[in-house]
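Some notes on the structure that comes next.
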Amino acid sequence: MSDEEFPLLSELKKGPWPSFVKEIEKTAEHKPEIKDLLKQLERSYEDKITYWKHGGIVSVRGYGGGVIGRYSFLAKECPGIAEFHTMRVNQPAGYFYTTEALRKICDIWEEYGSGLTNMHGSTGDIILLGTITKNLQPCFNALAKAGFDLGGSGSALRTPNACVGPARCEFACYDTLELCYDLTMTYQDELHRPMWPYKFKFKMSGCPNDCVAARARSDFGIIGTWKDEIKIDQEQVKKYAEEGVDIQKQVVEHCPTKCIEYDPEKKEIKIDNENCVRCMHCINVLPKALRPGDEKGACILLGGKAPILEGPVMGWVIVPFIPADELADFVKDLAEKVWDWWDENGKYRERVAELVERLGMMNFLEAVELEPDPRMVKHPRENPFFFWREEDLKPRTDPWKIWREAEKGL
Amino acid sequence: MSDEEFPLLSELKKGPWPSFVKEIEKTAEHKPEIKDLLKQLERSYEDKITYWKHGGIVSVRGYGGGVIGRYSFLAKECPGIAEFHTMRVNQPAGYFYTTEALRKICDIWEEYGSGLTNMHGSTGDIILLGTITKNLQPCFNALAKAGFDLGGSGSALRTPNACVGPARCEFACYDTLELCYDLTMTYQDELHRPMWPYKFKFKMSGCPNDCVAARARSDFGIIGTWKDEIKIDQEQVKKYAEEGVDIQKQVVEHCPTKCIEYDPEKKEIKIDNENCVRCMHCINVLPKALRPGDEKGACILLGGKAPILEGPVMGWVIVPFIPADELADFVKDLAEKVWDWWDENGKYRERVAELVERLGMMNFLEAVELEPDPRMVKHPRENPFFFWREEDLKPRTDPWKIWREAEKGL
Amino acid sequence: MASEPVEEEYISDIGPPYFRDMLPPVIKNNYGKWKYHEVLKPGVLVHVAESGDKVYTVRAANPRLLSIYTIRELCDLADKYCDGYIRFTTRNNIEFLLTDESKIDDLIKEVEELGFPIGGTWDATKAKYSLSNIVHTQGWIHCHTPAIDASGVVKSIMDALFDHFRNMDLPGLCRISLACCLNMCGAVHASDISLVGVHRTPPVVDDDAVRRTCEIPSTVSGCPTGALRPDMKNKTIKVDESKCMYCGNCYTMCPGMPCFDPENGGVAILVGGKLSDARAPSRLSKVVVPWLPNNPPRWPEVVDTIKTILETWAADAKPHERIAEWIDRIGWEKFFEKTGIEFKVQLIDDFRLPRHTFRTTTQFKW
Amino acid sequence: MASEPVEEEYISDIGPPYFRDMLPPVIKNNYGKWKYHEVLKPGVLVHVAESGDKVYTVRAANPRLLSIYTIRELCDLADKYCDGYIRFTTRNNIEFLLTDESKIDDLIKEVEELGFPIGGTWDATKAKYSLSNIVHTQGWIHCHTPAIDASGVVKSIMDALFDHFRNMDLPGLCRISLACCLNMCGAVHASDISLVGVHRTPPVVDDDAVRRTCEIPSTVSGCPTGALRPDMKNKTIKVDESKCMYCGNCYTMCPGMPCFDPENGGVAILVGGKLSDARAPSRLSKVVVPWLPNNPPRWPEVVDTIKTILETWAADAKPHERIAEWIDRIGWEKFFEKTGIEFKVQLIDDFRLPRHTFRTTTQFKW
Ligand code: SRM
Ligand code: SRM
Ligand code: SRM
Ligand code: SRM
Ligand code: SF4
Ligand code: SF4
Ligand code: SF4
Ligand code: SF4
Ligand code: SF4
Ligand code: SF4
Ligand code: SF4
Ligand code: SF4
């Protein structure tokens, strides 16, 4: 491909960071129709506008989602990408692959698609970028034979995602990958057949470091934590100190609740666990010496989402702690209650966070049978505008009766 | 008065705190009709309900406010308080009185009213508690002769109020009492003749300690502060240290920005004024040694108010700093702009804070000609939903034109 | 209606007396020239001017509701000891200003004999704080919207906390305020501890009263939750009770729809507000008890709860640490644990867009 | 439309492959039994298991948009060095997992030759952090709503900040994310630095397209500011342009009303978001630049601004201090002063009830 043909895009082949333009070029070398993608993209770079048309419903047999239909405004000039649908393929939890499995995907996508991918989409899927309607079903069938399935799209459960967790991280407080797989398998129907008011996402991080952005990017974030004391190996503390780690400055001074003390004489750490908020900082800095406690489990945060419509939402605590061994059952039970309530009360395109705000936490907590807990709030409400239910009240008296009586006099 | 007659109220004559019931009794000894107040009150204590009727418009010649009309549901049983209006008498700034002036008020209120007062109402007025319609005008006239006037009520400017300030406080950064008096006199018409969408309050504190609750209880709070360096008298620092004040613990450890240091050897304080947020704490603890700087003035906060309708509002910074000598003119000019804008745009019973929120700070700042400043916000917005004005934009292009062109092909 | 006109030269819009005419000479002479102050003992301050002049302040309690006969007695003392000057504070305490230190004790004796205890001051240098007066409102004495009385609740609380007024025995400033309805004339929305009278039942509409006395459209549009609907046929207003949160705004606007209910109305308690910017920035109060019964004449449940909150804080706080700062340090979950107050679902905000009050961190304590 | 049916045994709802079948043996054997990790050098980690086993991770950059021909090359390397396993990270970096430390350097050489630089790791023990990959979205490559491109902006920024990817030379973690429209598929609402494509002009309604393709009532009610009104007579939608804040939601719901405008669309920049709870609690990002021009192919204004923010922070922050924490310490006024970014009126929230974002304290700096 000559750079004169695509002068703007060719600027993006320069520089040390791997170039997506080169990836497209490389593909176009094998698949000439993909040159049309460069053509359209160059045109977008010139005109500063997208040339993709709005939506278009396409799917595979029995599924309501997993494919994003896409058509070009430049179909005449760029017929190679006139239809250019993406397929969202459900990634294996934790993004581990055998090269065998990956090569299978490549082979299938070479046959049925553009040969371009995103590894991965921001929900977690393998994004197979661009194919034609006719190829969707055969491609799906081939993927299925290779052991792969589609992920979610539309008003459905979206592909659950997890941090690497116990597979390669010493901090994991529960098995993120197993839970991710379990939820994905249990809710295949919810994933493939949109039927809710809007989308719903699960994400799972093994500890409060939140390496999969669960709290911000999923309606139902499950974040590992623990309840008992941080485990200290004082020998390793000493070693760190001897290797030159300034424990006072690097650890103690950053503890948000000032609950950790360092004795520079003894080279020992003392933690006032009652005041520890399990922020992970001391553990992060001294992973050989400190570890989460034994009473491991997770905290559940509800509602994380992007800003449309009511502004961005960071998921908030609805369950402060569930022990790891009860987690899977608890999550399923709770999520199903949440879905029932949302399904019944949610408006079209209303995410669950927005529904909770519209109807109130009281309503929500009652529906999903959770007890209120101060850990659910940054602070209690500032306005004294609260609702009472009939069972909270005594029988009503009519003030008019009292006053009319009064007005009559003795 | 026998305690058997008012068994519930008599409970409130017990205990060490001065008893309002005794005050009513004492008044009733001179003014027998006031026994009816005890009677009605006892009845309220029994029935747990107010026996005052809703409102009733009463006033004095030429005024639209300053009097709160009040009638009793128990008029028959308690004729002595069948009409029981209060008069709001504008206090002298800072609540200083000669006994001569106070006695004059007492004499007038003995003649025309119940003999009961509130010293003072929560806006700041002397509250003369209970008189009859017929007495309002003569009472007003007598007050006027004695040099007193009514304060505000209704959709008007409310009686301005100030902390004791320079009269008896070393921290005052501007003359709160003079400004209070000046605004009160300048805006007599706004005070006495309701004509706005709703009420509007000025309160003035001489420093960030905010001894008159300006930021929470006034629409336009003026809080003294300074811009240059805190003045340090190291001799006095030494003295405090020698007298046993633990400067490290009592001062340094409480500084919100950790910008103050104490040298226990030299017994000296060092302040990194660039990082000082003028919270007053160090000055409060060491008033002999530390003082606000020389570049004194005030910060203006807009919108403080109670929760009805949209929740409570703590006033927010709209002017971070105005030098003391420009303050009076600046405040008047700004307040008038605020009123014009509010008057024009405000709905019935919409406080200025609520209007700003409804129309946005951009609209407000433009109307009152203030420049945006990061000191106006705790943090910038979290949603990317902003408005642009025509002058911010380039001429508009129609996307349909671009796309239709594209669809045609070469 | 304006009361009967009086025919003589009509004085109006004269404003309040000029404050300078009310200042004692020592104040006038040293106006704006104060150098520092000290707290000599509870209730007694001295301010020292650059000139070397000193003014002694003796601060006395005040029920706020004062008879003119009492005011005259106070004036007598001010004449005797203070050259005929007296002052009140922004929290309604009474201040006697003296120049002669030797007269302080005699004055105190006489003021206390009159029934006005001395106290309410604080000494930041020593981190010793006394409790000051409770800012409050009208209640059953004069208002038409109160859910509770004001003066009686205040008296009951101050009796119970009296020692803290007399002694500077608290670790930090603690301001208590009370308002008898959600209009919050006591401006309790930014106090360390506040009490507010709350209704818990929707308005009872008297169609006839509505027809006679109300502006229907503005009342309807004044409801913050949209619980009201005009019933134009019957010229009245209908309430959707499920949307009402009993704010009472409709009654303020329309006498035909009171929310009162003796057994269901009551007291909500808020904590953690703060006005000063000292150390931690100022902030609004937060509701910690949504309802306690309205129980005259002594409101024992309310008094107990306030006392518990105050004493728990006082025992646990570090010097200078106000309730807001104490909670910043220990966390809300510990506030509820330490005070033994139950965390009720009503404490979770559900008004407008409450998301910024929800906890979006796993940082919490057990 | 469903594409043509295929007649054979129909497999569906099988879900993804079981992840355990994808794990390298050293991972499988030590699953859940990792003891600690160390960062050997930029881009290279070692995790040590309780068993004593070690797994070495070599992390490589990834443009995310990968050709299958490149993936096959990566697989070749994984076969050669990693027994046929490969992994991706949640920020789309590529990870090679080795058990033989001696092979690391050879692997690195080959990966870099392929065009994939090594880096992106961080070492909390030493407070040395490198910049990782930018999480991003489709842009002009595939989406119908972008205000800007995605991959091109990311490439331009990463080229400019490349050294920070290769070296662990930053004082704290810094995550950059990009989304090409307010739908924010890159979930940029909680990143240290984020970029979002914004429109600045109201939708241009094509009545005909609306009639053909839109559900009018739901589109109208979907506008968050109530800027839309149905025009039932003409079966179309009217826009009150003064109420529109260009969120693009109407276009998402209705193809008949795009907001696009090549010259007026552009990039907003947010900072100070944070996901982890380490030290300071997690929080949302805040907008600091409401608009920069959409300037392909290299977006110089955007790149410069990002670079300025990053370098200002990096030079001024204490160890471990992320942008959010740095701003907590210095204050927003100093953020604007130090970066030289102008504080525009658009940065003041005016959506819904913004009062909780207004500064209610006189605590600020000069
Ligand atoms: C007398 C006083 C209470 C007291 O005992 O001290 C008072 C009494 C009333 N206030 Fe108030 N307000 C009083 C200070 C306040 C304050 C405090 C302040 O000014 O610092 C506030 C909170 C601050 C604020 O302005 O938001 C206050 C917020 C209200 C509100 C709610 C306004 C709002 O926007 O949220 C109302 C309702 C209304 O305006 O209709 C109200 C209404 C009322 C009315 C007029 C009742 C009504 O619904 O019409 C009360 C008359 C009681 C009576 O019968 O005497 N009052 N009112 C205070 C005035 C005395 C004075 O002039 O010095
Ligand atoms: C007399 C009065 C002003 C007036 O115009 O009447 C006053 C007078 C003083 N205040 Fe105040 N404050 C007065 C109401 C307030 C208020 C308003 C309120 O409570 O409604 C506040 C804000 C309360 C809040 O933040 O919620 C207030 C917050 C302060 C502070 C901040 C304390 C803190 O740690 O937050 C100081 C500084 C200090 O002394 O620590 C202060 C300091 C002072 C000083 C030391 C100033 C001085 O050098 O003279 C005065 C002596 C106080 C003492 O008793 O030791 N004053 N002070 C008010 C007395 C009220 C009372 O009777 O109790
Ligand atoms: C591989 C990966 C997980 C995965 O499933 O793919 C991962 C792996 C590790 N993370 Fe992470 N994090 C990964 C994404 C994240 C994310 C998510 C994101 O950026 O979108 C976060 C949240 C970012 C945020 O807060 O905005 C994240 C916040 C952390 C933190 C918190 C740091 C902080 O100071 O706030 C730690 C603790 C630490 O090492 O300081 C951590 C720690 C770690 C450790 C040290 C855990 C361990 O012991 O293995 C891992 C090695 C990191 C390294 O490079 O040194 N990881 N980590 C992700 C690598 C992404 C990448 O390619 O750059
Ligand atoms: C492919 C992907 C971006 C990417 O390049 O990675 C993507 C692409 C689209 N997203 Fe997204 N979203 C993608 C992850 C996200 C995320 C991030 C996440 O899941 O972690 C978010 C923010 C988190 C959230 O859910 O709020 C996200 C928030 C949205 C929204 C706003 C939803 C909201 O409630 O605010 C929309 C608008 C909508 O749903 O109509 C949207 C809509 C879209 C659509 C379908 C466009 C539309 O308006 O219908 C985009 C299709 C683009 C295309 O042509 O391929 N996308 N979208 C991501 C899915 C890949 C995958 O399956 O792995
Ligand atoms: S979230 Fe925690 S458990 Fe998961 S990878 Fe990150 S640090 Fe490890
Ligand atoms: S986990 Fe965080 S809060 Fe707990 S001791 Fe460590 S640094 Fe402190
Ligand atoms: S606000 Fe400041 S100036 Fe005014 S009395 Fe209080 S401490 Fe003194
Ligand atoms: S005024 Fe406050 S911020 Fe400034 S040095 Fe003193 S304690 Fe610190
Ligand atoms: S708070 Fe309510 S009840 Fe009490 S005086 Fe004010 S308006 Fe009346
Ligand atoms: S009490 Fe408040 S919420 Fe209830 S109907 Fe009246 S105005 Fe509406
Ligand atoms: S952020 Fe917007 S433009 Fe970009 S992929 Fe998502 S929906 Fe499309
Ligand atoms: S762009 Fe957003 S605000 Fe504007 S009309 Fe469309 S939905 Fe409404």
Side-chain angles (χ1 to χ4, degrees), chain B residues 8 11-12 15-18 20 23 26-27 44-45 48-50 52 54 59 62 90 92-97 99 106 109 115 117-119 122 133 136-137 141 144 147 149 166-168 170 177 184-185 188 208-210 212-213 216-217 254 279-281 284-285 287-288 306 308-309 312 314, chain C residues 2-3 6 11-17 19 22-23 27 31-32 34 36 47 61 63-69 71-72 75 78-79 84 86-88 90 115 124-125 140 144 146 151-152 155 158-159 162 184-185 187 189-190 218 224 249 255 260 262 275-279 284 294 296-297 320:
Chain B
L8 294 173
E11 285 300 315
L12 291 168
W17 190 254
F20 70 101
E23 291 296 313
K26 192 167 172 178
T27 314
S44 280
Y45 269 62
K48 304 200 258 187
I49 197 163
T50 187
W52 296 114
H54 192 294
S59 60
N90 200 142
Y95 300 123
F96 285 94
Y97 294 91
T99 51
C106 292
W109 197 235
T117 73
N118 287 157
M119 297 297 283
S122 29
T133 312
L136 289 172
Q137 190 65 49
N141 295 347
D149 196 351
R168 201 206 47 204
E170 67 271 32
L177 302 188
T184 311
M185 296 311 287
Q188 282 291 300
N209 285 331
D210 198 5
V212 76
R217 285 163 61 177
H254 286 288
C279 82
M280 289 294 297
H281 178 71
N284 290 338
V285 175
K288 287 187 205 170
I308 306 288
L309 299 170
M314 189 70 107
Chain C
S3 66
V6 182
I11 317 175
S12 79
D13 296 283
I14 59 168
F19 67 93
M22 300 283 161
L23 301 178
I27 296 282
Y31 193 90
W34 298 102
Y36 65 88
H47 282 78
R64 192 177 82 133
L65 198 164
L66 283 180
S67 160
I68 54 169
Y69 305 101
I71 297 177
R72 285 177 182 150
C75 286
D79 287 341
I86 192 165
R87 160 169 210 269
F88 296 82
T90 60
T125 309
W140 294 331
H144 64 279
S151 319
K155 164 83 173 132
M158 285 311 282
D159 279 344
F162 185 66
M184 284 203 183
C185 300
H189 57 295
S218 60
N249 190 50
F260 301 92
L275 293 161
S276 85
D277 271 325
R279 303 168 306 281
L284 297 169
N294 185 15
H320 301 296

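Proteins come first, then strands; the chains are lettered A, B, ... in the order of their sequence lines, and each starts at number 1.
- When side chains are defined from C-beta on, C:Pro16 counts as touching B:Thr184, because their heavy atoms get closer than 4.5 Å.
- Checking side-chain atoms of B:Ser122 against main-chain N and O of C:Cys185 turns up a donor-acceptor pair under 3.5 Å.
- Minimum interatomic distance between C:Trp34 and B:Glu170 (heavy atoms only, all atoms of both residues): O-CB, 3.4 Å.
- Side-chain contact, C:Arg279 with B:His281: a donor N or O sits under 3.5 Å from an acceptor N or O.
- Two residues are said to be in side-chain contact when any heavy atoms from C-beta on lie closer than 4.5 Å; C:Met184 and B:Pro312 fail this criterion.
- Rounding to the nearest 0.5 angstrom, the gap separating the CZ atom in C:Phe19 from the CG atom in B:Leu177 is 5.0 Å.
- The CE atom of B:Met185 sits 7.5 Å away from atom CD1 of C:Ile14, with the distance rounded to the nearest 0.5 Å.
- How far OG of C:Ser276 is from CG of B:Asp210: 8.0 Å, rounded to the nearest 0.5 Å.
- Using a 4.5 Å heavy-atom threshold, the side chains of C:His320 and B:Val285 count as touching.
- Side-chain atoms of B:Asn90 do not come within 3.5 Å of backbone N or O of C:Gly15 as any donor-acceptor pair.
- The residue among C:Gly32, C:Ala61, C:Ser218, C:Pro17 with the most heavy atom pairs within less than 4.5 Å of chain B is C:Pro17.
- C:Pro296 approaches B:Lys48 most closely through the heavy-atom pair CD-CD, 3.5 Å.
- Every residue was checked against the ring pair (Phe, Tyr, Trp, His ring centres under 6.0 Å) condition with B:Phe96, not counting sequence neighbours, and none meets it.
- If you measure heavy-atom distances from C:Ala190 to chain B, the contacts under 4.5 Å come from the side chain alone.
- Relative ring orientation between C:His144 and B:His54 is described as tilted, the plane-to-plane angle lying within the 30° to 60° band.
- Rounding to the nearest 0.5 Å gives a distance of 8.5 Å between OG1 of B:Thr117 and CD1 of C:Ile68.
- Put simply, the side chain of B:Arg168 never gets that close to the backbone of C:Ile27: no donor and acceptor are under 3.5 Å apart.
- The minimum heavy-atom distance linking B:Tyr95 with C:Thr90 is given by the pair CE1-CA, 3.8 Å.
- The shortest non-hydrogen separation linking B:Trp17 to C:Lys155 is O-NZ, 2.6 Å.
- When atom types are taken as modelled, the side chain of B:Lys26 and the backbone of C:Tyr69 share no donor-acceptor pair closer than 3.5 angstrom.
- The heavy-atom pair separating B:Thr99 from C:Ala78 by the smallest distance is CG2-CB, 3.5 Å.
- The minimum heavy-atom distance between C:Ile71 and B:Cys106, with the atom names listed, is CG2-SG, 3.5 Å.
- For C:Phe162, there are no ring pair (Phe, Tyr, Trp, His ring centres under 6.0 Å) partners two or more places apart in sequence or in a different chain.
- Note that CE of B:Met314 is 5.0 Å distant from CG of C:Leu284, once rounded to the nearest 0.5 Å.
- Contact count versus chain B (heavy atoms, under 4.5 Å) is highest, among C:Asn249, C:Ile86, C:Asp13, for C:Asp13.
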